[in-house]
J.: 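Got a structure for you, questions after.
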2 protein chains.
Amino acid sequence: MASHGARGRSGGRPTLEEVAARAGVGRGTVSRVINGSPRVSDATRAAVEAAVAELGYVPNTAARALAANRTDAIALVVPEPETRFFAEPYFSDMLRGVGAELSDTEMQLLLIFAGSDRERQRLAQYLAAHRVDGVLLVSVHADDPLPDLLVQLEIPAVISGPRSAAETLTSVDSDNYGGGRSAVEHLLASGRRTIAHITGRLDVYGAQRRVDGYRDALRDAGHKADELLIEPGDFTEEGGRRAMSVLLDRHPTLDAVFAGSDVMAAGARQVLREVGRRIPDDVALVGYDDSAIARHMDPPLTSVRQPIVEMGRAMIDLLLAEIADRRPAASRGLERRHAVLPTELVVRASS
Amino acid sequence: MASHGARGRSGGRPTLEEVAARAGVGRGTVSRVINGSPRVSDATRAAVEAAVAELGYVPNTAARALAANRTDAIALVVPEPETRFFAEPYFSDMLRGVGAELSDTEMQLLLIFAGSDRERQRLAQYLAAHRVDGVLLVSVHADDPLPDLLVQLEIPAVISGPRSAAETLTSVDSDNYGGGRSAVEHLLASGRRTIAHITGRLDVYGAQRRVDGYRDALRDAGHKADELLIEPGDFTEEGGRRAMSVLLDRHPTLDAVFAGSDVMAAGARQVLREVGRRIPDDVALVGYDDSAIARHMDPPLTSVRQPIVEMGRAMIDLLLAEIADRRPAASRGLERRHAVLPTELVVRASS
DNA sequence: AGGTACTGTGGGAGCGCTCCCACCAGTGAT
DNA sequence: ATCACTGGTGGGAGCGCTCCCACAGTACCT
């Protein structure tokens, strides 16, 4: 830390004007240096930087926000109660990626929970006041009014997990289609013939895409379509159990199951064990998410990993671009508004 | 939501001035209404509120911050890596209490991690810019420079878990002394005669206080002091194991152990089981924190519960008071700057 | 009647910045 | 020599509030 001795006589924090006086330049020039404008000579820049260091100058955020009409802050909005936020590693991974990508920036991240009605109301107020330059939206339900509110308020926003193929907001997603394909292709490659699929909630776009991947992989391998091999779950363990039972009734000879989530795979595993099917000898099992459950299952579960940390990074990249684009009334294209990141199949003993 | 139809012609957000014009009053009056000043007649107030609703007026935070020199935001600073934050229920409980107490307020909460050097540097910058009105400090190590920085910058702050009896910052703590006492008194009341204590890290003030409570409870019950019954752990499971071994060597006849944390109690339990002592028949065991470990231990562990959620609330109360006090150059007393909340002994099968 | 004390109100000044226009060199083309 | 330009700079205007002083009106004393 530089010496903070030479403060203004007022005893308060030094202002731009004081720095300018000290450096023997004008206010505008100091502003340019602070904001990294290239149109400043090297000598002047050095003088200003020296003055800044000597006075321990730190820009006043409020004044900057007022004059420039921006806040240098973005919000990560979690439309869930805090408890779920802490329970699920998804969020902490996401936060890690977001934080990492943001640490090169002046931007500040706000974490906002909007689980209860009360919190949602506060959030609406908050957004109406434009207290952030942009919003990151995670884990949004299909019928949530939040995205529309953001569009209406013209606040740049990026959503993780688009709500449909026609998502209006800029979005980041993992390749659910490819993830589904890779799971099935892996099972086919290891010699499985009858592969069932327990889907997630089909009102979740990502779950649909996994089904698409499942279907196409089988079709491309020359299997004829059999819709009876597909049974919807609801992302819960109980849903996994139920679906597995149904599938076993319909197809007693199935030798592989691809579950749309690790949790459902855990449910399926219970049923398989109860009826005496060995994993992977009799039935191979593949999950989705590569969560802690997958690693700790007995046997360890093959699963499709989503690059959540990277998704967080990508969300920030897109959001910052969107904010920057909006600053000048630019002619914004619709190009690359939807990022899709590759998944990775993590093979373990269950398949 | 009110109709947002009648915006200013500019298309932007309405300003105080526009609301004033609409209500047929002056700017100052609107400001007074917005800020809940009592010196406004009822009729005027109603007119202004109507205008606010019609225009959908929302105050501009930046302008307010600039003019009033405050931010209406406080930070919860966690000097730990994010991973620990998510792992320990302590933080989420604390956050719950803080959030609850803050929801009646206009204040906004920022969550700031300062685990890495880089993050700490950003934080220092952040605080120097006075971007928050106050700071909540949790889980601070004894040699952390952060508290001093806050004092130097004259930023109101409240610390949870004072660093010593002479803590300079306003603090909130649970009654570690009373917690220690209650554990020992409980063991005495249930007929135990030789009660050992595994302490936490003794550079942690709270751990010392628990030892004090342990000592005084025994002394008051007429036991003569025996320092050999006290063995330091370090809050880890391994430390608990080691201390338990030492204690068993020194006092093979001990019939009770009070551990300074549930984690250490878990370590102690392992050793007791290995040497064939039954819990609670041969040795009674009491832990501290009432964590998930305590509930799931076999047998379930008697433990001292700290009112963490309430501590969060208390921190906010004290911090808001401190911020309010500072606003006018008040003659601030030093009264009640250290809140101590009662603990509660949760008796389970281990004692 | 004049004074004194309120209550309620209007609006100027100013918070510390960014934006932008004006301006002053220099530089090279005409 | 004149006329563009261009890189570099100073400083006015203004962002939307809060603070505070001034002042009108009313009420209650002498």
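Throughout, protein chains are lettered first and strands after them, A, B, ... in sequence-line order, and every chain is numbered starting at 1.
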J.: Salt bridge check: are A/R131 and B/D72 linked by an N-O gap of less than 4.0 Å?
T.: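 The answer is no: the pair does not qualify as a salt bridge.
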
J.: Taking for each residue the nucleotide of DNA chain D with the nearest heavy atom, is it B/N60 or B/R32 whose nucleotide lies nearer the 5' end?
T.: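 Counting from the 5' end, the first nearest nucleotide belongs to B/N60.
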
J.: Would you mind reporting whether B/I74 and B/L102 have side-chain heavy atoms less than 4.5 Å apart?
T.: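 Yes; the side chains approach each other to less than 4.5 Å.
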
J.: Is a donor from one side chain sitting under 3.5 angstrom from an acceptor on the other, for A/T170 and A/E322?
T.: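 Per modelled atom types, A/T170 and A/E322 side chains form a pair under 3.5 Å.
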
J.: Mapping A/L66 and B/R64 to their closest nucleotides on DNA chain D, which lands nearer the 5' end?
T.: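 The residue mapped nearer the 5' terminus is A/L66.
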
J.: Just the endpoints, please: which first and last nucleotides of DNA chain C, 5' to 3', lie under 4.0 Å from a heavy atom of chain B?
T.: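 Nucleotide range in contact with chain B: C/dT7 to C/dG16.
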
J.: Five pairs at each end of the helix from C/dA1-D/dT30 to C/dT30-D/dA1: take the axis at both ends and give me the angle between them to 10°.
T.: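 It comes to 50° between the two terminal axes.
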
J.: When we call it a touch if two heavy atoms are under 4.0 Å apart, what does A/R27 touch: a base, just sugar-phosphate, or nothing?
T.: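 The answer is base, as A/R27 lies within the cut-off (heavy atoms under 4.0 Å) of a base atom.
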
J.: Assess whether a salt bridge exists between B/R120 and B/D144, defined as any Lys/Arg side-chain N lying under 4.0 Å from an Asp/Glu carboxylate O.
T.: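 Between B/D144 and B/R120 there is a salt bridge, with a charged N closer than 4.0 Å to a carboxylate O.
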
J.: Starting from the 5' end of DNA chain C, give me the residue, B/G28 or A/E17, whose nearest nucleotide shows up first.
T.: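 First, find each residue's nearest nucleotide; the 5'-ward one identifies B/G28.
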
J.: For the residue pair B/Q108 and A/Y126, confirm or rule out a side-chain donor-acceptor distance under 3.5 Å.
T.: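 The answer is yes; a qualifying pair exists.
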
J.: Indicate, with a heavy-atom threshold strictly under 4.0 Å, whether B/T61 touches base, sugar-phosphate, or nothing.
T.: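 Counting heavy atoms under 4.0 Å across all strands, no contact is made by B/T61.
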
J.: Run the numbers on A/D117 and A/R122 for salt bridge (Lys or Arg N to Asp or Glu O under 4.0 Å), then give the verdict.
T.: CA-CA 9 Å; A/D117 279 355; A/R122 276 196 91 177; over 6 Å; no

J.: Just checking A/F91 against A/F86, ring centres under 6.0 Å apart?
T.: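 No; A/F86 has its ring centre 6.0 Å or more from that of A/F91.
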
J.: Can you find a side chain N or O atom of A/R39 that sits less than 4.0 Å from OP1 or OP2 on D/dG7?
T.: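 Yes.
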
J.: Checking salt bridge (Lys or Arg N to Asp or Glu O under 4.0 Å) for the pair B/E54/B/R22: CA distance, chi angles, key distance, verdict?
T.: CA-CA 9 Å; B/E54 283 168 33; B/R22 176 102 183 189; 2.3 Å; yes

